[in-house]
Amino acid sequence: MAKSKLPGPIERRHLVERELSPAQALRYADAYLEAGRDQDAIEFLVKAEASEQLDAMRRRAVESGDVFLFRTLAVATGTAPQPGEWRALAEAAQAAGKQHYAVEAQRQSERGES
């Protein structure tokens with residue numbers, strides 16, 4: 001599935017709502033990932049029950065300090081963020097110069113510890 005063949009937003013929504021085989025969902029997820037559209041790939045990875053890929057994406061979100069992606073993955077998988085993940089995410093965000101994400105991740109890590 002080439003970049004130009006990716007579904008538009010409405011077609012993508014219809015695909016997410018439709019019954020897809022795990023193999024079909026994984027093909028869409030892979031196409032979105034290849035195009036650098038991680039957010040769009042998540043729902044297809046969930047439909048494909050691709051837990052290893054979702055876990056790897058979650059680790060990458062922490063390592064890159066991407067709070068938005070991390071939260072999206074936590075909600076999509078139903079896996080609550082742990083204080084240690086928030087701390088690691090805060091450190092990575094700080095190192096990457098993502099101050100807003102660093103502050104938010106630090107705040108979340110402190111909330112989880114109380």
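Nothing here was measured: the structure is a model prediction, and the numbers come from that model.
Rounded to the nearest 0.5 Å, atoms CZ (R58) and OG (S51) are 12.5 Å apart. Q106 contributes atom CD, which lies 10.5 Å from atom CG of L89 (distance to the nearest 0.5 angstrom). Taking CG of D30 as the reference point, atom CD of E34 lies at 8.0 Å (rounded to 0.5 Å). Taken from CG in L20 to CG in L26, the straight-line distance is 11.0 Å, to the nearest 0.5 Å. In this structure, CG on L15 lies 5.0 Å from CZ on F44, to the nearest 0.5 angstrom.
Taking hydrophobic clusters as Ile, Leu, Val, Met, Phe, Trp and Tyr residues chained together by side-chain heavy-atom distances below 4.5 Å, V46 does not share a cluster with V16. Clustering ILVMFWY residues whenever any of their side-chain heavy atoms sit less than 4.5 angstrom apart, transitively, puts L54 in the very cluster that holds L69.
Evaluation of the ring pair (Phe, Tyr, Trp, His ring centres under 6.0 Å) test over residues 47-83, restricted to residues two or more places apart or in two chains, returns F70-W86. Among pairs with a residue in residues 60-75, those fulfilling salt bridge (charged side-chain N to carboxylate O under 4.0 Å, His left out) read R71-E104, at least two apart in sequence or across chains. Among pairs with a residue in residues 72-81, those fulfilling side-chain hydrogen bond (donor to acceptor under 3.5 Å, both in side chains) read Q39-T72, T77-T79, at least two apart in sequence or across chains.
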L33/Q53 under side-chain contact (heavy atoms from CB on, under 4.5 Å): CA gap, chis, key distance, verdict: CA-CA 11 Å; L33 290 170; Q53 284 180 276; 4.2 Å; yes
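Side-chain contact between S109 and R87: present, with at least one pair of heavy atoms (C-beta onward) separated by less than 4.5 Å. Annotation: side chain of E43 is in contact with side chain of R12 (closest heavy-atom distance under 4.5 Å).
Contact between V62 and A92 at its shortest, heavy atoms only, is O-CB, 3.3 Å. Between P22 and A48 the shortest heavy-atom distance is O-CB, 3.4 Å. A pairwise comparison of heavy atoms in L6 and A35 identifies CD1-CB, 3.6 Å as the closest pair. Counting all heavy atoms, side chain and backbone alike, A102 lies closest to A93 at N-CB, 3.5 Å.
E17 CD: more than 12 foreign heavy atoms inside a 6.0 Å radius.
Side chain of E49 to backbone of K47: no donor-acceptor contact under 3.5 angstrom is found.
A side chain to side chain contact (heavy atoms under 4.5 Å, CB included) with Y32 is found for one member of D38, L45, I42, D40 and no other, namely D40.
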